[in-house]
There are 2 protein chains.
Amino acid sequence: MAEYGIGSGDTEAITDGTGATQAAGTSASKSNRPRKPRDSLNKALIIDAALVIAERDGLEGLTFQALGNELGAHATSIYRHFRDKDEFLLEMLDTLRDRSYGDAIEPTGNWREDVRLLAGHIRAHYLRYAQFAQQMSVRSTHRPIEFTNLELTLAALDRAGLTPDEAVIYTRLLGNYIRSMSSFEAAVTCLEPELRAKDRMQMQFGAQALALDEFPHLVSAATSLLPLDDPRIFDIGLEAILDAIEALGASRRSN
Amino acid sequence: MAEYGIGSGDTEAITDGTGATQAAGTSASKSNRPRKPRDSLNKALIIDAALVIAERDGLEGLTFQALGNELGAHATSIYRHFRDKDEFLLEMLDTLRDRSYGDAIEPTGNWREDVRLLAGHIRAHYLRYAQFAQQMSVRSTHRPIEFTNLELTLAALDRAGLTPDEAVIYTRLLGNYIRSMSSFEAAVTCLEPELRAKDRMQMQFGAQALALDEFPHLVSAATSLLPLDDPRIFDIGLEAILDAIEALGASRRSN
DNA sequence: ACCTGAACACCGTTCAAGT
DNA sequence: ACCTGAACACCGTTCAAGT
């Protein structure tokens, strides 16, 4: 029978025979904690605690137990403020978003520059909260800032000379490119460093060991292959898309 | 006290007072199952069962319990064949990969077409096993086919006229673009349909309701906004990158 | 790198009870 | 949309025991 409500496994009397359990002196650890005053908890407080935990212990350490510990409250008290863990995570993402780009981007008068600024903003946000990137990319919560960003993009593409139909398509492309590439980069960042190093080694050594006549290009490029999260890649792809937009807009104008 | 080793909750005597439990007639359900003969289990068999479960119940239904149920074996017998669940999932991804692109792509003589074919192959694989897409995109297991694909790409870019340094950069860009955009598209596909419909509605209605003078482009584009997983987007972005490569290669040649 | 059963640590969630 | 404690269903994992 597992015991519940105990601090996250640090000082439990495991069945190893030692029998000695140092009293959990770390933080508010269950029973001998005074009852929290009414209304002393709220969403903002809980989300702040969650961020501390996520940055210290990673996303997998972010459990309701740990949250209760961090707050000096019972794990289940969170259910008074969020319906379940999924809703909790979504609201957390929203809060993070507000903190990252609270103020909208000011149009510069140069449409390419506007898109670049927006892309940089979003990418920085994903890399900053890399642990949550995968969730962020897909689960869009429709906040005002999203509409502002969409308007900025559509306006930029209009100024580039695209038709409304084309603008809608390239807006989708830009949005997906920015989100998916940033999310990917963030996910790579989150991999354990040793694993990433090992992966690269295997790739380079594996490529070097190939038959030169079967893999001529790869063998000679083996040592110069780039890591998955090379930071230059994002902008190079973005410029390619911007070039395509510019060319398309120019062709529209010359007709 | 939870009872273990029981079929996944379908016929358990819950404490609801009814007391009536229909005998678990579904499949091999624990106690009254004859012991599996020695060596009757193996990796391939387990992975096949896992695929059945994942396609039927989704990724979150793929537990060791369910796996044992499907195999008519005890849940923990899987530990004899895989170190832990992570190793099991990785090997599963490898197997899927082998099934999807067992045979390499034959170069067509047209470098753009080669890259297109490769991209289409990989994207189709991600969409087919959409549940696993997020894991697949980042955790590369270095199988021979990866080297073959790299050689194909590097050769294509060489023929496009890029220098070796440039080829390495654009190889990385293409690889990341294909993986991250496909993974994104697959992730959207996996969202519950109602949720996706609701998201789109909120977006369209939200955009329509905005102030026309503050969001002129967005208001008029509101009803024509594209869904996140519009299938045309992938190729449009890919062509933009290919155009950039072609232009860069041409400029190298003219020097 | 055999298969099973019992047990354990942990995690999300519910519900009756305390303030 | 108050806070706590006990309980529950489930999930990955370990370990001693059976063949």
Side-chain angles (χ1 to χ4, degrees), chain A residues 1-17 28-46 50 53 57 59-69 71-89 91, chain B residues 1-17 28-46 50 53 57 59-69 71-89 91:
Chain A
M1 301 102 210
E3 292 176 71
Y4 292 85
I6 295 265
S8 56
D10 43 350
T11 58
E12 178 139 9
I14 321 211
T15 59
D16 64 358
S29 70
K30 193 193 153 187
S31 291
N32 42 348
R33 168 168 32 81
R35 192 186 184 91
K36 279 233 130 190
R38 208 180 166 87
D39 291 313
S40 58
L41 248 42
N42 57 58
K43 291 189 172 186
L45 225 56
I46 297 175
I53 295 171
D57 307 324
L59 189 57
E60 77 280 2
L62 183 53
T63 74
F64 277 10
Q65 283 288 0
L67 216 36
N69 252 326
L71 290 163
H74 194 100
T76 61
S77 60
I78 289 133
Y79 281 91
R80 213 35 61 170
H81 301 90
F82 301 95
R83 189 152 43 78
D84 55 21
K85 195 164 187 192
D86 192 60
E87 184 188 289
F88 163 67
L89 273 173
E91 292 211 33
Chain B
M1 302 100 211
E3 292 176 71
Y4 291 86
I6 295 266
S8 56
D10 44 350
T11 59
E12 179 139 8
I14 323 212
T15 60
D16 64 356
S29 71
K30 194 195 154 188
S31 292
N32 43 346
R33 168 170 30 82
R35 192 187 184 90
K36 278 234 132 191
R38 207 180 167 89
D39 292 311
S40 57
L41 248 44
N42 57 59
K43 291 189 172 185
L45 225 56
I46 297 174
I53 295 171
D57 308 324
L59 190 56
E60 76 280 2
L62 183 52
T63 73
F64 277 11
Q65 284 287 1
L67 216 35
N69 252 326
L71 290 161
H74 193 100
T76 61
S77 60
I78 290 133
Y79 282 90
R80 211 36 58 171
H81 302 90
F82 301 95
R83 189 152 42 80
D84 55 22
K85 194 164 189 191
D86 191 61
E87 185 189 289
F88 163 67
L89 274 173
E91 292 211 32

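The model shown is predicted, which means the values in this text are computed figures rather than measured ones. Below, chain A is the first sequence line, B the second, and so on; all start at residue 1.
For the pair A/D84 (side chain) and A/E87 (backbone), a donor-acceptor distance under 3.5 Å is present. The closest donor-acceptor contact from the side chain of B/H81 to the backbone of B/L41 lies under 3.5 Å.
Looking at the side chain of B/D39, the nearest of the listed nucleotides D/dT13, D/dT4, C/dC2 is C/dC2. Residue B/S77 places its side chain closer to C/dT4 than to any other of D/dC3, C/dT4, C/dT13. For A/Y79, taking side-chain heavy atoms from C-beta onward, the closest of the listed nucleotides D/dT13, D/dC3, C/dG12 is C/dG12. Listed candidates were C/dT13, D/dC3, D/dT13. Nearest to the side chain of B/F64 is D/dT13. Of the candidates C/dC3, C/dT13, D/dT13, C/dC3 carries the atom nearest the B/S40 side chain, counting heavy atoms from C-beta on. Comparing D/dT4, C/dT19, C/dC3 by their nearest atom to the side chain of A/T76 picks out D/dT4.
For the pair A/H74 and D/dG5, the criterion of a side-chain N or O lying under 4.0 Å from OP1 or OP2 is met. Remark: A/K85 is in phosphate contact with C/dG12, judged by side-chain N or O atoms under 4.0 Å from OP1 or OP2. Residue B/R33 places at least one side-chain N or O under 4.0 Å from the OP1 or OP2 atom of C/dT4. Here B/H81 does not reach the OP1 or OP2 of C/dC2: none of its side-chain N or O atoms lies under 4.0 Å away.
A gap of 23 Å separates the P atoms of C/dA1 and D/dA17, to the nearest Å.
When heavy atoms are screened at a 4.0 angstrom cut-off, B/T63 is found touching the sugar-phosphate backbone but no base atom. Across all strands, B/F82 comes closer than 4.0 Å to no nucleic acid atom at all (heavy-atom distances).
Atoms CG (A/L67) and P (D/dC3) sit 13 Å apart, rounded to a whole Å. The interatomic distance linking B/I78 (CD1) with D/dC11 (P) rounds to 12 Å, in whole Å. Whole-Å rounding puts the A/R80 CZ to D/dA1 C1' distance at 6 Å. We find that CZ of B/R83 is positioned 14 Å from C1' of D/dG12, with the value rounded to whole Å. One atom, CD1 of B/I46, and another, P of C/dC3, lie 8 Å apart when rounded to the nearest Å. In this structure, CG of B/N69 is placed 12 Å from P of D/dC10, rounded to the nearest angstrom. The CG atom of A/D86 sits 12 Å away from the P atom of C/dG12 (whole-angstrom rounding). As rounded to whole Å, 8 Å separates atom P of C/dG12 from atom CD of A/Q65.
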(Q) Before you tell me yes or no, could you show the steps for A/L62 and A/L67 under side chain to side chain contact (heavy atoms under 4.5 Å, CB included), namely the whole-Å CA-CA distance, both residues' side-chain angles and the distance that decides it to 0.1 Å? (A) CA-CA 7 Å; A/L62 183 53; A/L67 216 36; 4.2 Å; yes

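Taking every heavy atom of both residues into account, B/L45 and B/L71 meet most closely at O-CD2, 3.9 Å. Taking all atoms of both residues into account, the shortest heavy-atom contact from A/A75 to A/F64 is CB-O, 3.5 Å. Annotation for B/G72 and B/R33: closest pair O-CD, 2.9 Å, computed over non-hydrogen atoms.
Nearest-nucleotide mapping onto DNA chain D: of B/G61 and B/R38, the residue sitting toward the 5' end is B/G61. When each of B/L62 and A/L41 is assigned the nucleotide of DNA chain D bearing its nearest heavy atom, the one mapping closer to the 5' terminus is A/L41.
For C/dC3, the base has a donor-acceptor partner in the side chain of B/R35 [N/O atoms by modelled type, under 3.5 angstrom].
Under the Watson-Crick or G-U wobble criterion, with both distances below 3.5 Å, D/dT4 is paired with C/dA16.
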